[in-house]
Amino acid sequence: MQTIGLIGGMSWESTAVYYRRLNEQVRDRLGGLHSADILMRSVDFDAIVSLQKLGHWDEASRILAEIARGLERGGAGCVLICTNTMHKLADDVQQAVSIPVLHIADVTAAAIKAESLQRPLLLATRYTMEQDFYVARLRERFGLDPVIPDADDRTVIHDIIFDELCQGIVREESRKLYLDIIGRGKAEGADGVILGCTEICLLVGPEHIDLPVFDSTMLHADAAIEFSMVKPAPHPRAA
């Protein structure tokens, strides 16, 4: 098993979900007392959020790239950025290391394509829903036509993520707001739902939604397990 490198803490609530999922998957596959070989650096999320709000993405990129280099030096065979939003910087992080950075949008899109779906509703932070780094990747690399909530709904989704879920608060009223937004997306032709922020799985899941659900957190963690359990091949940048 190769070591899985995690850039976590954004927020730690969802990083804990990653950690549990990775270890559960290894135990299920190998049995007994087996667990995942993980190397993790968990950041102070408040500092990262401050950089997001100020638009200081270059500084955030420098921080994540340095962490990724540290994970590689520590023996990681791949890197996961344990947040959808910070995949805005995924290309920069990939340039900083010779091991692969497993992109959360790619593994999510692949799961959607495998179900022959086309118009997933994207629930995520405002950055992820409104900027090109995620939506354009779904369109251009995978031919998907994501449904994006309207401005008012984007505000509701974003605020619940940061004001509640990232702080470990799960409210039934917020779940209802999300389900109402999903209902409006379905009426606009959405044929699935992307839980495109790693905390959203704390609030809603397949048991709440009458459309196919693509939980980016679980899909990302599972992709890391698939990667870690196969014989390593040279990474293109290492060739």
Side-chain angles (χ1 to χ4, degrees), residues 1-27 29-30 34-52 56-110 125 127-128 133-134 137 166 196-199 201 215-239:
M1 184 188 304
Q2 296 188 70
T3 302
I4 298 169
L6 302 181
I7 305 178
M10 299 174 285
S11 68
W12 71 259
E13 295 283 349
S14 64
T15 302
V17 177
Y18 271 93
Y19 186 77
R20 175 175 290 278
R21 179 70 170 192
L22 290 167
N23 282 293
E24 287 177 342
Q25 286 290 309
V26 172
R27 183 177 61 193
R29 291 173 183 230
L30 301 181
H34 286 287
S35 57
D37 187 345
I38 296 170
L39 184 62
M40 179 169 66
R41 170 74 183 276
S42 187
V43 304
D44 178 1
F45 191 35
D46 186 77
I48 298 296
V49 171
S50 295
L51 294 175
Q52 291 175 345
H56 292 176
W57 295 101
D58 288 347
E59 175 61 13
S61 178
R62 184 194 66 77
I63 292 169
L64 265 60
E66 182 55 37
I67 291 172
R69 283 191 286 265
L71 294 172
E72 181 175 27
R73 289 193 297 268
C78 67
V79 170
L80 272 67
I81 305 171
C82 299
T83 159
N84 284 270
T85 297
M86 298 308 284
H87 276 74
K88 177 180 174 70
L89 310 175
D91 290 344
D92 294 341
V93 175
Q94 181 63 85
Q95 288 299 313
V97 294
S98 61
I99 57 176
V101 176
L102 305 185
H103 201 294
I104 197 167
D106 292 353
V107 300
T108 303
T125 66
Y127 309 110
T128 304
F133 70 91
Y134 199 97
R137 195 176 184 101
C166 287
C197 173
T198 52
E199 286 80 21
C201 62
D215 184 341
S216 62
T217 306
M218 300 302 183
L219 291 167
H220 203 201
D222 291 353
I225 293 299
E226 292 295 335
F227 177 89
S228 74
M229 288 190 165
V230 299
K231 183 178 179 180
H235 186 255
R237 292 198 63 234

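- Taking 4.5 Å as the limit, some side-chain heavy atom of D106 sits within range of a side-chain heavy atom of R137.
- Side-chain atoms of Q94 come within 3.5 Å of backbone atoms of V101 as a donor-acceptor pair (strictly under, hydrogens ignored).
- For the atom pair D58 CG and I63 CD1, the distance stands at 11.5 Å (nearest 0.5 Å).
- A donor-acceptor contact closer than 3.5 angstrom is absent between the side chains of T198 and T83.
- Between the side chain of N23 and the backbone N or O of A36 there is at least one donor-acceptor pair closer than 3.5 Å.
- Under the 4.0 Å criterion applied to side-chain N and carboxylate O atoms, R29 and E226 are assigned as salt-bridge partners.
- Looking only at side-chain heavy atoms (C-beta outward), L6 and R41 stay at 4.5 Å or farther from each other.
- Note on D92 versus R62: no salt bridge recorded, every NZ/NE/NH1/NH2 to OD/OE distance being 4.0 Å or above.
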May I have the list of side-chain donor-acceptor pairs in residues 44-51 shorter than 3.5 Å, sequence neighbours left out?
unit_1 : atom_1 : unit_2 : atom_2 : d
D44    : OD1    : D46    : N      : 3.2
S50    : OG     : D46    : O      : 3.0

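- No side-chain heavy atom of R27 sits under 4.5 Å from any side-chain heavy atom of H34.
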Taking it one step at a time, do F133 and W57 satisfy ring pair (Phe, Tyr, Trp, His ring centres under 6.0 Å)?
CA-CA 13 Å; F133 70 91; W57 295 101; 7.5 Å; no
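- Contact annotation: the side chain of Q52 never approaches that of T125 to less than 4.5 Å [non-hydrogen atoms, C-beta and beyond].
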How far apart are the C-alpha atoms of T217 and S14, what are their side-chain angles, what is the distance that settles it, and do they pass the side-chain hydrogen bond (donor to acceptor under 3.5 Å, both in side chains) test?
CA-CA 8 Å; T217 306; S14 64; 5.9 Å; no
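- Here the closest non-hydrogen pair linking G9 and S42 is CA-OG, 3.3 Å.
- Using modelled atom types and a 3.5 Å distance limit, the side chains of T108 and S216 yield no donor-acceptor pair.
- Residues C197 and T85 have side chains not in contact (no heavy-atom distance under 4.5 Å, counting atoms from C-beta outward).
- For W12 and Y18, the ring centers sit 6.0 Å or farther from each other.
- Side-chain atoms of H220 and N84, non-hydrogen and from C-beta on, never get closer than 4.5 Å to each other.
- Taking D222 as the reference, R21 meet the salt bridge (charged side-chain N to carboxylate O under 4.0 Å, His left out) condition, with sequence neighbours excluded.
- How far OH of Y19 is from OG of S35: 6.5 Å, rounded to the nearest 0.5 Å.
- For the pair Q25 (side chain) and I225 (backbone), a donor-acceptor distance under 3.5 Å is absent.
- Between F227 and Q2 there is a side-chain heavy-atom pair separated by less than 4.5 Å.
- By the 4.5 Å heavy-atom criterion applied to side chains, L64 and M86 are counted as neighbours.
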Would you check, one step at a time, whether the test side chain to side chain contact (heavy atoms under 4.5 Å, CB included) holds for C201 with V17?
CA-CA 9 Å; C201 62; V17 177; 4.3 Å; yes
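- When every heavy atom of T15 is checked against every heavy atom of C82, the shortest pair comes out as OG1-CB, 4.3 Å.
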Pair E13, C166 - check side chain to side chain contact (heavy atoms under 4.5 Å, CB included), show working.
CA-CA 6 Å; E13 295 283 349; C166 287; 5.7 Å; no
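- Note: L22 CG to S228 OG = 8.0 Å, rounded to the nearest 0.5 Å.
- The two residues Y134 and G196 make their nearest non-hydrogen contact at OH-CA, 4.4 Å.
- Among D37, L80, L102, the single residue meeting the side chain to side chain contact (heavy atoms under 4.5 Å, CB included) criterion with I4 is L80.
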List the atom pairs, with distances to 0.1 Å, where a side-chain N or O of residues 65-79 and a protein N or O form a donor-acceptor pair under 3.5 Å, not counting sequence neighbours.
unit_1 : atom_1 : unit_2 : atom_2 : d
E66    : OE1    : R69    : NE     : 3.3
E66    : OE1    : R69    : NH2    : 3.1
E66    : OE2    : R73    : NH2    : 3.4
E72    : OE1    : S98    : N      : 3.4
E72    : OE2    : S98    : N      : 3.2
E72    : OE2    : S98    : OG     : 2.3

I'd like to know whether I81 forms a side chain to side chain contact (heavy atoms under 4.5 Å, CB included) with V93, so could you lay out the CA-CA distance, the side-chain angles of the two residues, the decisive distance to 0.1 Å, and finally the verdict.
CA-CA 9 Å; I81 305 171; V93 175; 4.1 Å; yes
